[in-house]
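Structure first, commentary second.
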Amino acid sequence: DSGVTQTPKHLITATGQRVTLRCSPRSGDLSVYWYQQSLDQGLQFLIQYYNGEERAKGNILERFSAQQFPDLHSELNLSSLELGDSALYFCASTPQLAEGDTQYFGPGTRLTVL
Amino acid sequence: AQKITQTQPGMFVQEKEAVTLDCTYDTSDQSYGLFWYKQPSSGEMIFLIYQGSYDEQNATEGRYSLNFQKARKSANLVISASQLGDSAMYFCAMREVHTGGFKTIFGAGTRLFVKA
């Protein structure tokens with residue numbers, strides 16, 4: 001158990017819908033990262049937050065947005081869902097912003113868009 | 001552009017033998033971090049080992065060691081004394097500074113099969 005929690009574990013929804021994925025980092029970790037893992041694109045970095053502020057952005061679609069709240073949990077919002085958004089979404093956390101910080105991953109949320 | 005290449009889609013190894021999983025990277029940055037993660041069939045991502053670009057010694061963590069050759073831009077993972085539980089997908093990753101934070105890119109992965 002990495003100490004990072006993600007809910008829900010599974011999510012099945014229809015095209016055009018909107019969903020929210022939730023992540024609670026390890027106790028004391030200030031930074032949260034979101035990743036998408038799909039069969040065709042592999043593991044893709046989406047976005048990073050540190051202490052409530054967005055710090056780095058990767059291949060995140062405009063239909064996707066995220067935020068980190070004062071209690072440090074983070075949410076990833078996916079809207080106007082398409083079939084291709086079906087993937088495993090991971091959240092990871094690190095204590096600070098040091099390059100050598102190990103990212104500990106949550107168990108992931110498996111999103112299926114029908 | 002930053003890139004991680006894992007050229008071995010699948011590898012077989014006999015139980016108790018050592019195996020090397022290849023990883024090459026491309027970056028123009030001087031400071032970066034290299035990581036290996038294991039993803040079993042259950043899906044979770046498990047951190048294995050880290051090597052900083054300025055570390056002169058190869059990293060080791062138990063049965064895992066990282067063969068870091070900076071000039072060749074390679075960061076191969078060596079697993080000694082393979083166990084059946086090592087059968088999994090293995091990802092090489094590189095973290096770089098990116099606009100005030102860090103961006104991590106992953107390779108396509110190598111699926112390791114350990115034979116009894």
Side-chain angles (χ1 to χ4, degrees), chain A residues 1-6 9-10 23 26 29-60 66 68 74 87-111, chain B residues 1-7 9 23 25 27 29-57 59 61 64 66 68 75 88-111:
Chain A
D1 186 351
S2 66
V4 179
T5 60
Q6 289 187 249
K9 195 163 184 171
H10 301 278
C23 167
R26 293 188 322 157
D29 284 4
L30 298 177
S31 191
V32 167
Y33 303 73
W34 285 98
Y35 294 89
Q36 178 195 58
Q37 186 178 30
S38 61
L39 282 174
D40 56 342
Q41 300 216 31
L43 258 165
Q44 299 275 320
F45 166 70
L46 296 178
I47 198 162
Q48 179 205 3
Y49 280 83
Y50 176 75
N51 207 17
E53 288 185 8
E54 181 187 307
R55 284 301 190 108
K57 217 165 183 175
N59 302 322
I60 187 166
Q68 186 180 27
S74 178
L88 187 53
Y89 291 84
F90 284 109
C91 162
S93 72
T94 59
Q96 297 288 337
L97 271 181
E99 191 173 74
D101 279 350
T102 297
Q103 288 184 53
Y104 289 96
F105 281 71
T109 293
R110 184 166 294 282
L111 173 67
Chain B
Q2 301 92 343
K3 192 177 174 183
I4 293 278
T5 303
Q6 292 181 255
T7 57
C23 172
Y25 59 92
T27 180
D29 286 2
Q30 296 301 309
S31 179
Y32 49 89
L34 296 159
F35 299 79
W36 277 91
Y37 285 87
K38 172 184 177 182
Q39 187 176 39
S41 56
S42 51
E44 73 266 36
M45 294 287 287
I46 301 167
F47 165 75
L48 296 178
I49 197 165
Y50 162 77
Q51 178 87 38
S53 59
Y54 293 114
D55 295 341
E56 293 188 353
Q57 288 199 320
E61 292 280 354
Y64 305 107
L66 199 152
F68 181 47
M89 196 76 169
Y90 289 81
F91 292 97
C92 179
M94 176 172 64
R95 183 187 299 162
E96 296 181 308
V97 173
H98 181 75
T99 62
F102 289 99
K103 177 177 176 179
T104 304
I105 57 170
F106 285 80
T110 295
R111 187 167 294 281

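Labels below follow one simple rule: chain letters A, B, ... track the order of the sequence lines, proteins then strands, and each chain is numbered from 1.
- Heavy atoms closer than 4.5 Å to chain B are found in the side chain of A/F90, but not in its backbone.
- Between A/F105 and B/Q39, the closest side-chain pair of non-hydrogen atoms is not below 4.5 Å.
- Other residues, nucleotides and ligands contribute more than 12 heavy atoms inside 6.0 Å of the CZ atom of A/R26.
- Residue B/S42 does not touch chain A at all, counting heavy-atom pairs closer than 4.5 Å.
- Both the backbone and the side chain of A/Q103 come within contact range of chain B, judged by heavy atoms closer than 4.5 Å.
- Proximity to chain B is limited to the side chain of A/T94, based on heavy atoms less than 4.5 angstrom apart.
- Residue contact with chain B, scored on non-hydrogen atoms closer than 4.5 Å, involves the side chain of A/L88 exclusively.
- Under the ring pair (Phe, Tyr, Trp, His ring centres under 6.0 Å) test applied with B/F106, the options A/Y33, A/Y35, A/F45 reduce to a single match, A/Y35.
- Only the side chain of B/Y50 comes within contact range of chain A, with at least one heavy atom under 4.5 Å from a heavy atom of that chain.
- Nearest heavy-atom pair, B/R95 versus A/T102, reported as atom, atom and distance to 0.1 Å: NH2-C, 4.3 Å.
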